[in-house]
Amino acid sequence: MTTPESSIPSNFIRDIVAEDLKSGKRAQVVTRFPPEPNGYLHIGHAKSIGLNFGLAIEHHGICHLRFDDTNPETEDPEYVQAIQDDVRWLGFDWHGKMFFASDYFEKLYQFAERLIQKGRAYVDSSSAEDIRKRRGTLTEPGTDSPHRNRSIEENLALFRRMKAGEFADGTHVLRAKIDMASPNINLRDPVFYRIRKATHYRTGDAWCIYPSYDYAHPLSDALEGITHSICTLEFEDHRPLYDWVVEQADAPHRPRQIEFARLNLTNTVMSKRKLLELVEKNLVSGWDDPRLPTIKGLRRRGYTPEAIRAFCEAIGVAKRDATIEMAMLEHFIREDLNRRAARVMAVLRPLKVVIDNYPEGQVEELDAVNNPEDPGAGTRKVPFSRTIYIEQDDFREVPPPKFFRLSPGKEVRLRYAYIVKCESVVKNERGEAIEVRCTYDPETKSGGPQAGRKVKATIHWVSAKHALDADVRLYEPLLKTDLSKVPADHDWTLYLNPHSLEKLTGCKVEPGLLKGKIGDRYQFERQGYYCVDPDTAKGLLTFNRTVPLRDTWAKIEKAQQEG
RNA sequence: UGGGGGAUCGUCUAGUGGUAGGACGCCGGUCUUUGGAGCCGGCUACCUAGGUUCGAAUCCUAGUCCCCCAGCCA
């Protein structure tokens, strides 16, 4: 599946980049994907990764992977590793250009001294509380700090002592000297350095002062020669500050910041805070819980990188806030898996069927097509015998209108096998069907003389004595509502869908699945796409439902119920 | 309220003065040994009100609504 570059829809950022190249403003394209290693990547990041790496690929440039690790208190090497894995799994290559903001700490420090020397930064010894009070409000200007006019010498001395570890956390900060009355709050002398006597996962205890995002990010970009620094909308009013930092620090290079709208999906959560909350409160099984929109979750769920990339291209890039329907994501995984997933028969909720006129003890090996979309995938043998399992849903003692499957006196085709007719139903004391008695027509075997006889439905089945037991996990949306409609003071976890995970046991699958390896993806015919879960290693074949097949009957049934 | 952004089918997204297009979704048909896939057809969209113009989603004016910003987080 190679999508020609030209078929990817254009967007305003691609246009800007192309124009910068055409006008000669830029000689090449250097972008970057700058995650903070304090959480796992999710599909929203995939959109950004696709954009940044895609731009680089399109123009034969390069996209750096840079860890924005300027906050020692939240970052962890576990995340650094996971992020690299995910970016690679998505199919992107940073060609050795992996960087860390923490590697720039010394240079960043030198730039800060320069700022002080130029009179553009000062040490403020106010408390965090006082700084907040003097910042003003959205409608009122802030007021100058009493330390704002310290001499350059005093600032430099103080800053050096901050660095030397002479002061306690929170006692001093380095601030830009811009304009406390600016209508843009980000320009009211933003904090560039704070004291944090914390051990950084990479620099250890070498530093006790750490740069803030607003200071470190533009300079990291400049240091790396980034041409287009792409970020999300909430940084739009940081752009004047970004430009200020690059200019005042006399940085060797001027990147251009461009903002786009982040991805939102219906019925799920995308914020790091909420994802972390789900994991920490054990509301999900971990970062790779298949219900999560994390890359690791989607991967375990059975999503392919190709489908995720195709989705990210299809949704486009713009500046308006947007929430994409989950159905869109599901479309792309179905489209991909339809082409590549091998078909197998699996009965999730088994109902025993005995074919009375089929010889006891006889077993036939029937030919089954592995993938009708891919003739090269070949065929396989599937065992058939007198006792089989079919899906409970495929039998109704009292069939509703338009129900074409098995019911007393009616015929259906067993896929790749025979046409069978329901003769009687065996029920338990509660009146539930526990077994169905059928007869078969030997002439109707696939490939046989009456194979062409038309019946209204074909259902899947597995031979009882050959079937393998399996667990199957079905997933539904994580959330019942869209959180945008939930008041901020409500506990959002109350809106979690209690049925987001359904575990089925005692499922019966065809014997060929014994060779299924963890991660293998299949289409369970007539049902959906499933993949082998890592828990299979514990001894029992376990599947995750990636996405169900589109189901016309379910719609008919729903419509009938709604009258 | 100050500042920064944004409003086009149900949901995304094109279009930048000349027939409002595409994708998802939905509805119908066709085909089918997957009620899958495919194929064919259809679906009350330019935030509002004025204005400029032969002609406006695009330009102008005035509104309305939505999002972001008052961390020593990113």
Side-chain angles (χ1 to χ4, degrees), chain A residues 9-11 34-36 38 68-71 73-74 124 126-128 131-133 135-142 169-175 182-188 190-196 209-210 212-214 216-217 231-240 259 261 266 272-273 311 314-332 334-335 338-339 343 345 369 372-373 402-405 412-417 419 444 446 451-460 484 523-528 548-557:
Chain A
S10 196
N11 58 60
E36 185 190 10
N38 68 347
D68 228 338
D69 54 356
T70 56
N71 184 353
E73 292 173 321
T74 59
D124 192 345
S126 308
S127 66
I131 289 178
R132 186 180 61 74
K133 281 180 184 160
R135 188 147 30 222
T137 68
L138 294 180
T139 52
E140 299 158 319
D169 284 13
T171 53
H172 306 268
V173 288
L174 182 74
R175 299 177 72 179
S182 173
N184 181 344
I185 291 180
N186 297 114
L187 263 19
R188 315 237 266 230
V191 169
F192 280 177
Y193 270 91
R194 70 273 203 184
I195 301 172
R196 278 285 174 291
I209 56 172
Y210 291 92
S212 63
Y213 168 88
D214 281 319
H217 199 88
C231 62
T232 43
L233 253 28
E234 67 269 29
F235 295 106
E236 214 155 10
D237 48 19
H238 290 239
R239 190 173 354 116
E259 313 84 12
T266 56
K272 273 188 181 180
R273 200 207 99 223
F311 167 77
I315 58 176
V317 177
K319 294 194 73 159
R320 67 185 89 99
D321 294 311
T323 301
I324 283 122
E325 290 176 342
M326 200 59 92
M328 178 84 99
L329 214 208
E330 292 181 340
H331 163 78
F332 284 95
R334 283 196 189 100
E335 184 181 61
N338 177 50
R339 279 196 313 265
R343 271 62 170 171
M345 292 197 284
V369 174
E373 304 293 322
K402 293 184 183 166
F403 182 87
F404 302 143
R405 286 114 92 151
V412 292
R413 170 169 289 283
L414 295 176
R415 177 133 239 229
Y416 301 124
I419 291 174
T444 58
S446 280
R453 218 179 95 198
K454 298 293 179 196
V455 285
K456 285 248 184 178
T458 298
I459 65 174
H460 61 276
S484 61
Q523 184 195 100
F524 288 1
E525 290 215 36
R526 303 205 307 130
Q527 310 200 90
L549 248 30
R550 288 182 65 231
D551 187 349
T552 306
W553 167 245
K555 281 178 193 167
I556 294 170
E557 209 177 19

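Keep in mind it's a predicted model, so treat the numbers as computed, not measured. Because only heavy atoms are used, hydrogens play no part in the values below, and waters and symmetry mates are left out as well, while side chains stay in.
Two rings, from A/F404 and A/W553, have their centers 6.0 Å or more apart.
Comparing B/rC54 with B/rC39, their C1' atoms sit 43 Å apart, to the nearest whole Å. When the P atom is compared between B/rU58 and B/rU19, the two are found 14 Å apart, to the nearest whole Å. Spacing of C1' atoms, B/rA7 relative to B/rA57, comes out at 11 Å, to the nearest Å. Separation of the C1' atoms belonging to B/rC67 and B/rU61 is 25 Å when rounded to the nearest angstrom. The separation of B/rU44 from B/rU8, taken at their C1' atoms, amounts to 14 Å, rounded to a whole angstrom. With both ends at atom C1', the span from B/rU11 to B/rG3 equals 31 Å, rounded to whole Å. One P atom belongs to B/rA62, the other to B/rG2, and the distance between them is 15 Å to the nearest Å. Going from the P atom of B/rC43 to that of B/rG63 covers 39 Å, rounded to whole Å.
In this structure, A/F311 CZ and A/L329 CG are separated by 4.5 Å, a value rounded to the nearest 0.5 Å. Between atom CG of residue A/N338 and atom CZ of residue A/R550 there is a gap of 11.5 Å, rounded to the nearest 0.5 Å. Between A/R339 atom CZ and A/R334 atom CZ the span is 14.5 Å, to the nearest 0.5 Å. Going from atom CD of A/E557 over to atom OG1 of A/T552 covers 12.5 Å, rounded to the nearest 0.5 Å. In this structure, CZ on A/R405 lies 8.5 Å from CD1 on A/I459, to the nearest 0.5 angstrom. In this structure, the separation between CD1 on A/I185 and OG1 on A/T137 is 7.0 Å, given to the nearest 0.5 Å.
Among the nucleotides B/rC12, B/rG36, B/rG10, the one closest to the side chain of A/L549 is B/rG36.
A/I419 places its CD1 atom 9 Å from the C1' atom of B/rU33, with the value rounded to the nearest Å. In this structure, A/E373 places its CD atom 11 Å from C1' of B/rU34, rounding to the nearest Å. Between the C1' atom of B/rG22 and the CZ atom of A/F332 lies a distance of 11 Å, rounded to the nearest Å. One atom, NE2 of A/H331, and another, P of B/rG10, lie 20 Å apart when rounded to the nearest Å. Protein atom NZ of A/K319 is 18 Å distant from nucleotide atom C1' of B/rA14, rounded to whole Å. The distance between atom CZ of A/F311 and atom C1' of B/rG25, rounded to the nearest whole Å, is 14 Å. Rounded to whole angstrom, the span from the CZ atom of A/R188 across to the P atom of B/rG2 amounts to 13 Å. One interatomic measurement links the two molecules: CZ of A/R339 to C1' of B/rG36, which rounds to 15 Å at whole-angstrom precision.
Projected onto RNA chain B by closest heavy-atom contact, A/T323 and A/A451 fall at different nucleotides, the more 5' of which corresponds to A/T323.
For the pair A/M326 and A/T266, the tightest heavy-atom approach, listed with the atom from each and the gap, is N-OG1, 3.0 Å. Between A/E525 and A/Y416, the shortest heavy-atom distance links the atoms OE2-OH, 3.6 Å.
A/Y416 comes within 4.0 angstrom of a base, heavy atoms only. Nucleic acid contact class of A/I556 (heavy atoms, under 4.0 Å, all strands): base. Contacts of A/V317 with the nucleic acid, taken as non-hydrogen atoms under 4.0 Å apart, involve only primed sugar atoms and P, OP1 or OP2. Within the nucleic acid shown, A/A457 has no heavy atom closer than 4.0 Å to any nucleic acid atom. Among the heavy atoms of the strands lying under 4.0 Å from A/F403 is at least one base atom, whether or not backbone atoms are also near. Within 4.0 Å (heavy atoms only), A/Q523 reaches at least one base atom of the nucleic acid.
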message = Output the pairing pattern of RNA chain B as a dot-bracket string, 5' first, Watson-Crick or G-U wobble with both distances under 3.5 Å, | for cross-strand pairs, [ ] for crossing pairs.
response = .((((((..((((....[..))))((((((.......))))))...(((((..]....))))))))))).....
request  = Indicate for each nucleotide in nucleotides 67-74 of chain B, in 5' to 3' sequence, whether protein heavy atoms under 4.0 Å reach the base (B), only the sugar-phosphate (S), or nothing (-).
outcome  = SBBBSBSB
ask   = How would nucleotides 27-32 of chain B be written as a contact map, 5' to 3', with B for base contact, S for sugar-phosphate-only contact and - for no contact, using protein heavy atoms under 4.0 Å?
value = S-----
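For B/rG35, the OP1/OP2 oxygens have a side-chain nitrogen or oxygen of A/R526 closer than 4.0 Å. Dashed line: the shortest gap from a side-chain N or O of A/T552 to OP1 or OP2 of B/rG36 is under 4.0 Å.
Between the side chain of A/E259 and the base of B/rG4, no donor-acceptor pair under 3.5 Å is found. The base of B/rG10 lies close enough to the side chain of A/E325 for a donor and an acceptor atom to sit less than 3.5 Å apart. A/S446 contributes a side-chain N or O that forms a donor-acceptor pair with the base of B/rU33 under 3.5 Å. Side-chain atoms of A/R343 and base atoms of B/rU34 include a donor and an acceptor less than 3.5 Å apart.
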inquiry  = Please determine whether side-chain hydrogen bond (donor to acceptor under 3.5 Å, both in side chains) holds for the pair A/E36 and A/T74, giving the CA-CA distance in whole Å, both sets of side-chain angles, and the decisive distance to 0.1 Å.
reply    = CA-CA 9 Å; A/E36 185 190 10; A/T74 59; 3.2 Å; yes
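Using modelled atom types, one finds no donor on one side chain facing an acceptor on the other under 3.5 Å when comparing A/S182 with A/N184.
Sorted by first then second residue, the side-chain hydrogen bond (donor to acceptor under 3.5 Å, both in side chains) pairs that include residues 317-332 of chain A, not counting sequence neighbours, are A/E236-A/K319.
The side chain to side chain contact (heavy atoms under 4.5 Å, CB included) check on A/S212 picks up A/F192, A/R194, A/D214, A/Y215, with sequence neighbours excluded. Remark: A/T232 pairs with A/E234 by the side-chain hydrogen bond (donor to acceptor under 3.5 Å, both in side chains) rule, at least two apart or across chains.
Taking the O4'-C1'-N9-C4 or O4'-C1'-N1-C2 dihedral as appropriate, B/rG42 has a value more than 90° from 0 and is therefore anti.
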